[in-house]
Amino acid sequence: MTALAKLFTAACTSYRHVYAKTTCTTATKNDVVDGGATFSHSTGEIVSDVFGEEEKVVMVVLLGWLGAETKHLRRYGEWYSSRGMKVITLVIEAEDLLVFGQEKGLVKRISELQSDVVSWVSEKEEDGRERCLVFHTFSNTGWLVYGIILDGLQERQELMEKIKGCVVDSGSGDPLNPQVWAAGCATAFLKKRSSPAAHLGKLNDSDGEVNELRTQEKEPGIAETMLLSFLKKWFFFLLNLPHLNRRLTRTVSVLSKNQPSCPQLYLYSTADKVIPFKSIETFMEEQKKMGKRVCSYNFGSSQHVDHYRPFPNIYSSQLQNFLNVYCFAMEIEAETNRFQD
């Protein structure tokens with residue numbers, strides 16, 4: 001292990017008290033763990049305001065941002081569960097980046113998640129209904145995990161077609177930029193929702209969720225400045241390791257060129273201090289040029305992966321409209337046209 005890697009390990013240890021261990025769980029009202037992966041208690045009943053007359057059972061795969069905890073994703077899981085969808089989530093700890101390129105740790109969890117998802121969607125319900133998937137990713141971390149899963153499905157076109165939509169919250173911008181990774185990792189270590197180099201936030205976690213986040217302009221402290229500076233150097237080193245660079249480049253290529261034909265929804269903000277909003281818009285334009293169906297909403301003032309909290313009604317309506325108009329209504333229309341032809 002290099003001296004830089006040893007130093008990073010020591011830095012991780014000093015911040016270890018901030019986090020619980022990384023787990024693969026669901027965001028549900030009643031979490032029940034089953035071998036590291038948990039499914040929601042939704043029965044998969046059809047809800048008319050989401051599916052119309054299309055009888056499908058949907059699982060939503062929530063892929064959390066770096067440092068997210070299950071409680072942070074609970075509101076998203078409950079939103080989907082209340083509309084009859086099953087939910088499974090993956091949450092990732094900042095320390096997992098130490099083993100991101102190895103066949104252990106995070107890679108193993110992603111592999112297990114992929115196996116669970118593939119196993120579920122490959123079967124039908126007992127009553128004969130088809131199963132399908134919607135992915136909801138957060139930050140570049142969740143988005144890249146989605147890419148890893150897609151990479152494993154490239155030779156399974158019948159499963160790719162079962163992916164009916166992908167929601168990208170605060171992700172897809174500058175995925176190979178060390179500064180972006182450093183900002184995200186520093187934010188995760190410090191349990192903030194905005195870049196430590198620009199904002200400081202206060203979390204009030206009284207009922208198991210992040211209920212309040214007050215941000216204010218303030219000069220970063222010495223610890224924050226040193227951490228961010230160190231992480232920039234660390235990620236410059238890490239992202240240039242041949243095996244990791246090849247893995248990430250392959251994943252980004254899949255996300256750029258080989259996504260499924262399903263619609264994509266990008267939820268982002270001009271005020272994001274972790275991922276430059278312009279880079280997200282550039283990626284969206286590239287997807288449009290490739291013929292992908294792209295929807296988006298710029299919240300303007302909300303921070304990184306913190307759009308739902310200040311704008312719950314808008315966020316909810318964007319999800320609802322995406323599911324209604326693009327993910328499932330278009331599929332019904334295609335089936336109708338097929339019969340007419």
Side-chain angles (χ1 to χ4, degrees), residues 27 39-40 42-63 73 75-89 117-118 120-122 124-125 129-138 142-143 145-147 149-150 153 156-172 254-255 258-268 280 283-284 287-288 290-298 307-308 312-339:
F39 293 87
S40 72
S42 168
T43 59
E45 296 176 355
I46 301 303
V47 180
S48 60
D49 64 343
V50 175
F51 298 102
E53 299 301 322
E54 189 72 8
E55 289 200 354
K56 292 185 180 297
V57 177
V58 181
M59 174 181 288
V60 179
V61 184
L62 293 175
L63 302 173
L73 299 181
R75 67 180 67 184
Y76 303 95
E78 289 179 354
W79 190 94
Y80 286 111
S81 293
S82 69
R83 288 157 177 79
M85 287 171 268
K86 298 177 181 293
V87 177
I88 187 170
T89 76
V117 170
V118 167
W120 181 85
V121 80
S122 297
K124 291 185 177 181
E125 292 292 296
R129 285 181 291 167
E130 295 286 338
R131 293 173 172 177
C132 59
L133 301 168
V134 171
F135 284 84
H136 190 141
T137 75
F138 297 88
W143 183 68
V145 172
Y146 173 55
I149 294 174
L150 289 182
L153 298 179
R156 303 286 302 276
Q157 189 59 36
E158 76 282 5
L159 296 184
M160 291 283 280
E161 292 176 357
K162 290 179 177 290
I163 302 175
K164 303 305 179 183
C166 179
V167 180
V168 182
D169 184 321
S170 307
S172 77
V254 169
L255 288 164
N258 297 310
Q259 288 207 40
S261 59
C262 67
Q264 306 169 19
L265 172 62
Y266 293 83
L267 303 173
Y268 66 106
I280 295 176
F283 185 84
M284 290 191 300
Q287 290 296 293
K288 289 178 182 179
M290 294 181 63
K292 304 297 185 182
R293 292 168 288 173
V294 175
C295 309
S296 65
Y297 190 87
N298 185 342
H307 313 309
Y308 194 174
N313 293 334
I314 297 176
Y315 199 102
S316 180
S317 67
Q318 288 295 316
L319 290 181
Q320 190 75 52
N321 185 67
F322 180 63
L323 294 171
N324 279 343
V325 178
Y326 295 95
C327 295
F328 298 103
M330 293 188 74
E331 181 176 288
I332 295 172
E333 180 181 347
E335 289 293 328
T336 301
N337 292 337
R338 185 182 305 172
F339 283 118

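Nothing fancy with the numbering, it's 1 onward along the sequence.
Of the options Leu133, Val57, Val60, a side chain to side chain contact (heavy atoms under 4.5 Å, CB included) to Lys86 is made by Val57 and by none of the others. Among the candidates Lys124, Lys164, Lys56, the single residue satisfying the salt bridge (Lys or Arg N to Asp or Glu O under 4.0 Å) test with Glu130 is Lys124.
The shortest non-hydrogen separation linking Cys132 to Phe328 is SG-CE2, 3.9 Å. Among all heavy-atom pairs drawn from Gln287 and Leu255, the shortest one is NE2-O, 3.6 Å. Contact between Ser170 and Ile280 at its shortest, heavy atoms only, is C-CD1, 4.3 Å. Summarising the geometry of Tyr268 relative to Ser296, their closest heavy-atom pair is CE2-CB, 4.1 Å, with the distance given to 0.1 Å. Listed here is the closest heavy atom pair of Cys295 and Phe322: SG-CD1, 4.1 Å. The nearest pair of heavy atoms linking Cys262 to Cys166 is SG-N, 4.2 Å.
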Pair Val117-Val61, side-chain contact (heavy atoms from CB on, under 4.5 Å): steps then yes or no: CA-CA 8 Å; Val117 170; Val61 184; 4.0 Å; yes

When you look at Val145 and Thr137, which way does the side-chain contact (heavy atoms from CB on, under 4.5 Å) test go after all the steps? CA-CA 8 Å; Val145 172; Thr137 75; over 6 Å; no

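At a threshold of 4.5 Å between non-hydrogen side-chain atoms, the residues Leu150 and Ile163 count as touching. Here the side chains of Gln264 and Ser172 are not in contact, with every heavy-atom distance at 4.5 Å or above. Looking only at side-chain heavy atoms (C-beta outward), Val118 and Leu159 come within less than 4.5 Å of each other. The shortest distance between side-chain heavy atoms of Val168 and Tyr146 does not fall below 4.5 Å.
By the ring pair (Phe, Tyr, Trp, His ring centres under 6.0 Å) test, Tyr297 pairs with Phe299, sequence neighbours left out. Ser317 pairs by the side chain to side chain donor-acceptor pair (under 3.5 Å) definition with nothing, not counting sequence neighbours.
Note that the CG atom of Leu267 and the CG atom of Leu319 stand 6.5 Å from one another [nearest 0.5 Å].
A side-chain donor-acceptor contact under 3.5 Å links Arg293 to the backbone of Ser261. Checked by atom type and distance alone, the side chain of Arg131 never pairs as donor or acceptor with a backbone atom of Met59 at under 3.5 Å. Using a distance-only test at 3.5 Å, with no hydrogens or angles considered, no donor-acceptor pair links the side chain of Gln318 to the main chain of Ile314.
In this structure, Arg83 is positioned above the aromatic face of Trp79, its NZ or CZ under 6.0 Å from the six-membered ring centre and within 45° of the axis.
A donor-acceptor pair shorter than 3.5 Å cannot be found between the side chains of Asp169 and Tyr76.
Using cut-offs of 30° and 60° on the angle between ring planes, the pair Tyr315 and His136 is parallel.
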